[in-house]
Amino acid sequence: MKPFNREELERLAFNIRRNVVSTIATNGEGHVGGALSAADAIAVLYGAIMNYSPQDLQHRDKFILSAGHKCLALYGVMAEIGAIDKAELKTYNKLGTRFPGHPDATKLPCLDFSTGSLGHGLPLGCGYALAAKLQGESYRTYVLMGDGEQGEGSLWEAAAFAAHKKLDNLVAILDENTLQINGRTSEVCKPTDFEGRYTSFGWSVRSVAGNDVGALYDALAAAPFEAGKPSIIVAKTIKSKGISFLEDQAKYHHWNPSRESADQALAELDSVAAERGWLE
Amino acid sequence: MNDPRKAFEMKLVELGREDKRIVAVSCDSCAGGGLSAFFQEFPERSIEVGISEQNAVSLCAALSRQGLLPVLVIINPFLTMRAYEQVRDDLGYMNSKVIIVGSGGGLAYSTLGSTHIAVEDVGLMRSVPHLTVLAPGDADEVEFCLEQAIAADGPVYIRMPRQARSAPVDGPRSMKLGKAEVLSEGTDGALYTYGPSAEEAMKACRILSESGTSLSVLNFTTIKPLDAEAVLAHAKGKRAVFTLEEHIPTGGLGSAVAEVLAQAGAGVPLHMLAVPEGAKNTGPYDELLAFYGLSGEEAAKRIAAALNTSASETK
């Protein structure tokens, strides 16, 4: 784990967003909303928290993107930390690309597992966390889930298992951007609050401002919050965070921008970069 | 008569003593699935997941990525159907070395109703990439399959029988992964089968031989990869080919054999002796087999009728 450096992590999150938007601007459609809401958490994980090596599959900390459709953010961070060649992102959406619309670890060994079908990530995370306990390994396992994804029953099978097995080396992040394809999660199907649900399942829960790298760092650095319990960070985020005209709207869950819209998004990023001195 | 589940249980313990990668994973299926002895001898390598099959399959995939070798036992439809997508995505596409064992394949849970029979599993599992599909029938075959599964590359599905059966033939066996076992050689028809149906197939073969009809009987303990060479070689010159299985016609061995025969232009009639789709009769195992025409006696009648028909058509 690296010490907290706000400037560095905000810049990494920004660069992830720029990779997400420029990839879609160049190569067309992708799940932009969730990739942008989760960019800060992914930046903090790979930029400061995780003990990560692209080559050391066995011993590195594990990251499972349970909400696999947010993969542009994952590709974006991989490009920034040098696990992949950024130029290769230009193959996105093209025949034979190693960067499909949901991440494929058989094509990118820098990833820990293929995902895309919702509800697989927490069970996979339980497997990695349990393997560490069985084999005496010290790596941590991080799982990033969506809030719409919480409708999948398999997650709750895993939530019960993780608490029962006292997997305190497992840390989940719930990217609560409050939107899914059909609208507000509260209107689609969200009978109770996520904090209450995970608490009742035996997890240790913290809610944080999920687009604030400082709040995310503090929570991730503090995990496990209680010995003998899995930890979950409910990250209160804004869907499509960072591109003002896309923010907090369900219709940008998946985006196939017009040239004008793409240029507008890139211009907004350019102005942030100019203001912060983050020009490439 | 020997108990296939007991054979599985003892063999797993024996293999577990040699191979420390093996972990046994139960979905509340420890006793019924033949894991109790392993759990007792190796508690540190035994994982109870509870009644949560989807979680169990994905979890095993991750365990295997860290070098462990999970043997996951679940009652058949809850593995092959409820958790199908986990099997396809997390084991198949990822080529995760996990052994999944579906307890009570076919009509084994004959009294428990349609929710507990597994007569679509072979078709489903045959469609999963990288997955080897094995279907033993008696204790010797169970031991053979478990050994082979441990040694094989990639994920393996074992369709476990439940009832104690006799070996389909006396004497030493010639089992080989990926190869059909020739149980009998004949000239009139070819009968292809697997699992507990192999014993019924040999009963049918003996009944028919009394009336002068001789059958080649092949036991396809490995269903995928299918021994296509044997399918074609033993169909050659026969009046008809038959498949006998506790599975619906769609996707099972009958389907697999049809694919091979048709693509090779074999031009031999194929009769699928199978469980009809949507079958939900229940009762004692042997009686249910007979009800669906899958017992040795009933199969012999159906084969004789088909061969007579094709003989008269030939004339």
Side-chain angles (χ1 to χ4, degrees), chain A residues 56-64 66 68 100 102-109 111-139 141-143 152-165 167 169-170 201, chain B residues 16 20-28 39 42-72 74 78-79 81-98 100 128-130 153-155:
Chain A
D56 189 356
L57 280 67
Q58 181 82 20
H59 304 290
R60 70 187 179 201
D61 285 347
K62 307 296 186 286
F63 176 72
I64 312 294
S66 192
H102 293 90
D104 187 336
T106 66
K107 296 173 182 170
L108 293 174
L111 307 183
D112 291 302
F113 214 90
S114 301
T115 50
S117 176
L118 298 174
H120 289 227
L122 205 57
L124 290 165
C126 283
Y128 278 119
L130 184 65
K133 297 265 185 193
L134 293 174
Q135 296 175 315
E137 293 269 0
S138 59
Y139 66 80
T141 300
Y142 299 90
V143 177
E152 294 287 3
S154 52
L155 291 184
W156 299 100
E157 293 183 1
F161 179 84
H164 180 74
K165 293 288 182 188
L167 298 180
N169 53 353
L170 176 66
F201 267 70
Chain B
K20 306 295 179 203
R21 298 173 304 157
I22 296 174
V23 292
V25 185
S26 153
C27 281
D28 203 22
F39 268 58
F42 307 107
E44 73 289 353
R45 288 196 274 145
S46 299
I47 303 162
E48 178 58 72
V49 181
I51 303 171
S52 56
E53 296 82 8
Q54 299 172 78
N55 181 40
V57 172
S58 297
L59 182 141
C60 284
L63 293 175
S64 81
R65 294 272 287 185
Q66 291 302 106
L68 297 167
L69 206 177
V71 178
L72 170 63
I74 302 179
F78 317 146
L79 168 69
M81 296 167 212
R82 181 190 287 263
Y84 182 72
E85 191 202 46
Q86 280 77 9
V87 171
R88 188 194 78 135
D89 291 358
D90 301 339
L91 306 187
Y93 275 100
M94 288 297 290
N95 199 8
S96 303
K97 174 71 194 180
V98 176
I100 52 173
V128 174
H130 296 119
D153 291 327

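Lettering of chains follows the sequences in order, A, B, ..., and the numbering in each one begins at 1.
Annotation: the span from B:Leu59 atom CG to A:Glu157 atom CD amounts to 10.5 Å, rounded to 0.5 Å. Note: B:Leu68 CG to A:Leu134 CG = 6.0 Å, rounded to the nearest 0.5 Å.
Residues B:Asn95 and A:Thr106 have side chains not in contact (no heavy-atom distance under 4.5 Å, counting atoms from C-beta outward). In this structure, the side chains of B:Asp90 and A:Phe113 come closer than 4.5 Å at one or more pairs of heavy atoms.
Atom CZ of B:Arg82 sits in a sparse spot, with 12 or fewer heavy atoms from other residues, nucleotides or ligands closer than 6.0 Å.
Options B:Gln54, B:Gln66, B:Glu85, B:Met94 differ in how many heavy-atom pairs under 4.5 Å they form with chain A, and the most are formed by B:Gln66. The most heavy-atom pairs under 4.5 Å with chain A, out of B:Glu48, B:Glu53, B:Gln86, B:Arg65, come from B:Arg65. Among the candidates A:His120, A:Lys165, A:His164, A:Gln135, the residue making the largest number of heavy-atom pairs closer than 4.5 Å to chain B is A:His120.
Looking at A:Asp112, only its backbone comes within 4.5 Å of chain B, counting heavy atoms on both sides. Interface remark: B:Ser64 contributes no atoms to any contact with chain A (heavy atom separation under 4.5 Å).
Just one residue in the list A:Leu122, A:Leu124, A:Ile64 forms a side chain to side chain contact (heavy atoms under 4.5 Å, CB included) with B:Ser58, and that residue is A:Leu124.
Residues passing the salt bridge (charged side-chain N to carboxylate O under 4.0 Å, His left out) test with B:Arg45, sequence neighbours excluded: none. Scanning for salt bridge (charged side-chain N to carboxylate O under 4.0 Å, His left out) contacts around B:Asp89 gives an empty result, with sequence neighbours left out.
Annotation for B:Leu63 and A:Gly127: closest pair CD2-O, 3.3 Å, computed over non-hydrogen atoms. Heavy-atom minimum distance, B:Asn55 versus A:Phe161: ND2-CB, 3.4 Å.
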